Amino acid sequence: MTEIDATSGPAWALEIAAIRDKQDQAAFRRLFLHFAPRIKGFLIKSGSPADIAEDCAQEVMATVWRKAAQFDPSRASASTWIFTIARNKRIDVVRRERRPEPEDLPWGPEAETDQEDALVLEQETERLSKAISALPEKQRRLIQRAFYGDLSHRELAEETGLPLGTIKSRIRLALDRLRHEMK
Amino acid sequence: MNQINHHLTDSLLMAYSAGSLTEAFSLVVATHISMCDDCRARAAAFDTVGGQILDDDATEAMSESALEATLRLIGGAAPEPRTPTTRRVASTFPLPLQDYVGGDVEAVRWKRLGGGVRQMILPTSDTASVRLLYIPGGAAVPDHGHRGTELTLVLQGAFRDETDRFGVGDIEVATEDLQHKPVAEPGVACICLATTDAPLKFNSLIPRMLQPLFKI
């Protein structure tokens, strides 16, 4: 049994599960200390004034608590899931717009997360993270600016240089399994 | 699920994931993703990139009372239980689109455009409009080019243009250099969800005169 690094993806997924299963406030505190300052920084770089970014980061973390049971580690790592909540908050508060969301895949109590799927997805997320760090500075800046909402779809290049093939295939497998289980 | 042959581009998926698309474009993208697991997985891959950017980002110190303030927002409530969702009742429109229409295809309030073609403009906060188009089998959509990007997603039936055939779930991403003339396949009427980020340019006089009237 290998030890899990306390600030790694799988560890964050366990903290979210502890909130879901035991309303674990200590787990929430550890998530908060790591993610809240990052959400605030992300929102400020996306153009929010500091006080609004602070309020939004608190609201995003409150949503992490409330929606903990919706987190599915076979389809997204903790940082990915928290990013989507922060992004939606930004659209809601800063742009005062709705963001139409795809309909949820049907799932029932039998659609339990497959532990091995979750582990492989974490490894792929880790690999993608390293690939982003290894990109040339100019290209990495461009991808950051895209996610701060600075670039329109027409300013984005069709070819990003991001190796997304394997992680896409893993998520696709998890979706296929979910569809199959619900048949 | 139908076999889908025409998908979203990477730049549209990345912009959707980054949250920088307009509401009208987001609606068309979310509706296509609801019908296409391949694009759903690609969108999730871009979300993963967003997650890594968030995680690697420089931190900005929270106020000292931030954690207590957040716990007050939660108010001691337990996390919401995951409610099992059932399979959607078979419908022509995926749920994000039904939200804007107020129901499935029978809830659409069509306006006639002539030649049997009908449309309904959907309300968004955008200057660009998003609309449903109803084209009777065998009929043509008025010949048009466009200044910006035009997205056309098929919800029922099929159409063909100079480039290919587009069936249910297929999305055509047309740029300004495409001067196309979509024609609905004979048989069942073709219903599409369409949006542009600039007004259409019609090539004949009559539709051009109607343009301000119908907001197309």
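As the structure is a computational prediction, the values presented were derived from the model and not from experiment. Chain identifiers are assigned alphabetically (A, B, ...) following the order of the sequence lines, protein sequences preceding nucleic acid strands; residue numbering begins at 1 within each chain.
- Put simply, the side chain of A:Pro102 reaches to within 4.5 Å of the side chain of B:Tyr16, judged on heavy atoms.
- When A:Arg98, A:Gln144, A:Arg96 are compared by the number of non-hydrogen pairs under 4.5 Å with chain B, A:Arg98 comes out ahead.
- There is a side-chain donor-acceptor pair under 3.5 Å between B:Gln52 and A:Ser129.
- Only the side chain of B:Tyr100 has a heavy atom closer than 4.5 Å to any heavy atom of chain A.
- Nearest heavy atoms, B:Phe46 versus A:Phe147: O-CZ, 3.3 Å.
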Residues 60-73 of chain B side chain polar contacts: donor-acceptor under 3.5 Å, at least two apart:
residue	atom	partner	partner atom	Å
B:Ser63	OG	A:Glu54	OE2	2.7
B:Thr70	OG1	B:Ala66	O	2.8

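- Contacts of A:Glu155 with chain B are absent, with no heavy-atom separation under 4.5 Å from either backbone or side chain.
- Top candidate by heavy-atom pairs under 4.5 Å with chain A, chosen from B:Val28, B:Asp56, B:Asp38, is B:Asp38.
- The contact between A:Ile19 and chain B is made by backbone and side chain atoms together, counting heavy-atom distances below 4.5 Å.
- Geometrically, B:Arg82 does not engage A:Phe71 in a cation-pi contact, judged by NZ or CZ lying under 6.0 Å from the ring centre and within 45° of the ring axis.
- Distance check: B:Thr48 OG1 to A:Leu121 CG gives 6.5 Å after rounding to the nearest 0.5 Å.
- Side-chain contact between B:Pro79 and A:Gln23: present, with at least one pair of heavy atoms (C-beta onward) separated by less than 4.5 Å.
- For the set B:Ser11, B:Ala43, B:Ala77, B:Ala15, the entry with the most heavy-atom pairs within less than 4.5 Å of chain A is B:Ser11.
- Among B:Ala44, B:Gly50, B:Pro96, B:Ala45, the residue making the largest number of heavy-atom pairs under 4.5 Å with chain A is B:Gly50.
- The distance from the CZ atom of A:Arg38 to the CG atom of B:Leu54 is 8.0 Å, given to the nearest 0.5 Å.
- Contact annotation: the side chain of B:Met14 approaches that of A:Ile143 to within less than 4.5 Å [non-hydrogen atoms, C-beta and beyond].
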For this session: Would you please test B:Asp47 and A:Trp81 for side chain to side chain contact (heavy atoms under 4.5 Å, CB included) and show each step?
Result: CA-CA 8 Å; B:Asp47 287 348; A:Trp81 184 62; over 6 Å; no
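- If you tally non-hydrogen atom pairs under 4.5 Å between each of B:Val49, B:Leu97, B:Thr31, B:Asp99 and chain A, the highest count goes to B:Val49.
- Side-chain N or O atoms of B:Ser34 include one that pairs as donor or acceptor with a backbone N or O of A:Glu103 at under 3.5 Å.
- Contact annotation for A:Ile82: both backbone and side-chain heavy atoms come within less than 4.5 Å of a heavy atom of chain B.
- Heavy atoms of A:Phe32 lying under 4.5 Å from chain B belong exclusively to its side chain.
- Atoms CD1 and OG1, from A:Ile39 and B:Thr59 in turn, are 12.0 Å apart once rounded to the nearest 0.5 Å.
- By number of non-hydrogen pairs under 4.5 angstrom with chain B, the leading residue of A:Asp176, A:Thr125, A:Asn88, A:Asp150 is A:Thr125.
- Residue contact with chain B, scored on non-hydrogen atoms closer than 4.5 Å, involves the side chain of A:Arg99 exclusively.
- Contacts with chain B (heavy atom to heavy atom, under 4.5 Å) involve these residues of residues 164-174 of chain A, listed by number: A:Leu164, A:Ile167, A:Lys168, A:Ile171, A:Arg172.
- For A:Arg66 (side chain) and B:Glu80 (main-chain N/O), no donor-acceptor pair under 3.5 Å exists by modelled atom type.
- Here B:Asp197 contributes atom CG and A:Ser152 contributes atom OG; the two are 8.5 Å apart, rounded to the nearest 0.5 Å.
- Within the 4.5 angstrom heavy-atom criterion, no atom of A:Arg140 approaches chain B.
- Both the backbone and the side chain of A:Ala146 come within contact range of chain B, each with at least one heavy atom under 4.5 Å from a heavy atom of that chain.
- Although no hydrogens or angles enter the test, the distance criterion places no donor-acceptor pair under 3.5 Å between the side chain of B:Glu23 and the main chain of A:Glu97.
- To the nearest 0.5 Å, the span separating CD on A:Glu101 from OG on B:Ser26 amounts to 9.0 Å.
- Contacts between A:Leu151 and chain B at a heavy-atom distance below 4.5 Å involve the backbone alone (N, CA, C, O).
- With a 4.5 Å cut-off on non-hydrogen atoms, B:Val29 does not touch chain A at all.
- With rounding to the nearest 0.5 Å, the separation of OG in B:Ser20 from OH in A:Tyr148 is 14.0 Å.
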